[in-house]
Amino acid sequence: MPELPEVETIRRVLARKLAGRTILAVDLRVPKLAASRLHRSLHSQARSWGQRVRGRKIMGLRRRAKYLIFDLDRGKLLVHLGMTGQLFAAAPGERPARGLPPLPDPHTHLILDLSGGLRLYYRDIRKFGRLRLLETAVEEARALEALGPEPLARGFTPAKLAEGLRNKKAPLKALLLNQKVVAGLGNIYVDEALFRAGLAPTARGGGLTRAHISRLRTAVRGVLREALRYRGTTLSDYFDPETRRGEFQNRLRVYGRAGQPCRQCGRPIVKAVVAQRGTHWCRHCQQDPCTGR
DNA sequence: CTCGGCCTGCTC
DNA sequence: GAGCAGGCCGAG
């Protein structure tokens, strides 16, 4: 569910609320979310995980790709929201917005009681998310080492993007979803970025000229910045920690618009499976530079 | 690199 | 009842 703009929006909301608070109690209800590997006694693992987390203080909150990194006084808590993960911050007993169940509900898998009368709830219908406690800087580096450049940082230069696409015969769709090529894009923003760049998702990465790559880089950054301004995309599950929806769904040009007219040329947006993911694009406005179609 | 698996819920 | 969903990982 959440891609870079949603995770960054969550980070911004939570950073001010959580900084300086101590974790007073930990209730981990679905141990596998915190398990590094499947383990026989998940329950004892959950208990010890909670014991280790309890008592630590949240110093700050960072983001890398789609990971949230809680900087603790000792170690870090790494949170990945998977497809349907949500974080909500509320006073105990406080009701979330209409349309959301009272918390905790059966999909609430972790509850952190924080000092100063605040609770942090992790909710995840499909349980694809991950929670990891990292004790050392080495562990943190290892956990994140496979990630490519942050698209909004200085390091994401045309040369860096070119490096990720060079000699690749995989379609652009697959390459941009690959977190090693660029970190933080998911299915929505890949489709949107390719539309902006005028490139077909089926085009091979290796076939792009410098001009195409530069255009693609600009498109990736542009769509992420705009989505950030609108606080992400809410199709159904995404809410920020204060239960606000994103607004970028109103500005999507191709994602979820199969059969509807392209906003640029009026021809219908097509949807097909590319790189095993539902993919939306305009056959007229987006071209494959190799085949010309 | 592509596929299947991990989960649950919603739509057709 | 089947197929699909905003993600990722490990197996072939």
Side-chain angles (χ1 to χ4, degrees), chain A residues 1-10 29-39 42 63-68 78-87 99-101 105-109 122-132 142-148 164-194 201-202 204-206 223-224 227-228 230-240 245-259 271-280:
Chain A
M1 149 181 69
E3 309 180 30
L4 187 153
E6 291 77 30
V7 178
E8 177 62 18
T9 302
I10 291 169
R29 302 175 170 199
V30 175
K32 69 154 259 182
L33 290 174
S36 38
R37 244 176 306 153
L38 226 46
H39 192 275
L42 281 176
R63 180 193 57 76
R64 174 76 170 100
K66 300 173 195 170
Y67 290 91
L68 284 168
L78 200 62
V79 176
H80 194 292
L81 300 170
M83 271 303 223
T84 52
Q86 303 167 320
L87 285 167
L100 286 168
D105 73 333
H107 294 304
T108 303
H109 309 316
Y122 177 74
R123 186 170 183 270
D124 186 353
I125 291 180
R126 292 176 73 181
K127 301 181 190 146
F128 286 173
R130 283 293 169 267
L131 310 166
R132 287 191 64 188
R142 198 173 307 147
L144 303 175
E145 72 188 349
L147 296 170
L165 305 181
R166 191 162 9 221
N167 299 328
K168 299 283 166 51
K169 51 184 184 191
L172 286 176
K173 172 81 180 199
L175 294 167
L176 293 178
L177 283 173
N178 183 340
Q179 302 296 296
K180 202 162 184 166
V181 174
V182 49
L185 294 178
N187 210 28
I188 295 179
Y189 297 111
V190 166
D191 284 5
E192 293 297 312
L194 287 169
T202 48
R204 310 284 127 177
V223 74
L224 292 176
L228 223 30
Y230 287 85
R231 299 189 345 271
T233 301
T234 297
L235 299 176
S236 61
D237 298 332
Y238 170 70
F239 294 87
D240 80 10
R245 304 165 152 274
E247 298 294 341
F248 194 69
Q249 62 278 12
N250 304 316
R251 313 191 65 85
L252 296 172
R253 314 251 181 95
V254 287
Y255 188 88
R257 299 193 64 247
K271 180 180 180 189
V273 174
V274 180
Q276 289 85 240
R277 306 296 297 274
T279 300
H280 313 71

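Naming: A, B, ... by sequence-line order, numbering from 1 per chain.
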Using distance alone, with no hydrogens and no angle criterion, decide if A:Tyr255 and A:Thr233 have a side-chain donor and acceptor under 3.5 Å apart.
-> no

For nucleotides B:dC10 and C:dC8, find the distance between their P atoms and express it as a whole number of Å.
-> 23 Å

Salt-bridged, A:Lys173 to A:Asp191, with N to O below 4.0 Å?
-> yes

B:dG9 and C:dC9, which share atom name C1', separated by this distance in whole Å = 23 Å

Do the rings of A:Tyr67 and A:His80 sit parallel, tilted or perpendicular, given the 30° and 60° boundaries?
-> perpendicular

Return no unless some side-chain N or O of A:His107 is found under 4.0 Å from OP1 or OP2 of B:dG9.
-> yes

Indicate for each nucleotide in nucleotides 1-12 of chain C, in 5' to 3' sequence, whether protein heavy atoms under 4.0 Å reach the base (B), only the sugar-phosphate (S), or nothing (-).
-> ----BBBSS---

Pairwise side-chain contact, A:Pro5 with A:Tyr189, heavy-atom cut-off 4.5 Å (strictly under) | yes

Determine the Euclidean distance between corresponding P atoms of C:dG10 and B:dC7; express it in Å to zero decimal places.
-> 15 Å

For atom CG of A:Leu175 and atom C1' of B:dC1, their distance in whole Å = 10 Å

What's the spacing between A:Arg245 CZ and A:Phe239 CZ if we round to 0.5 Å?
-> 4.5 Å

B:dT8 OP1/OP2 closer than 4.0 Å to side-chain N/O of A:Lys127 | yes

Is there a Watson-Crick or G-U wobble partner for B:dC7 with both distances under 3.5 Å, and which nucleotide is it?
-> none

How far does the P atom of B:dG5 sit from the matching atom of C:dA2, given to the nearest Å?
-> 15 Å

Nucleotide paired to C:dG6 in any strand shown, Watson-Crick or G-U, under 3.5 Å | none

A:Asp124-A:Thr84 side chain donor-acceptor pair, cut-off 3.5 Å | yes

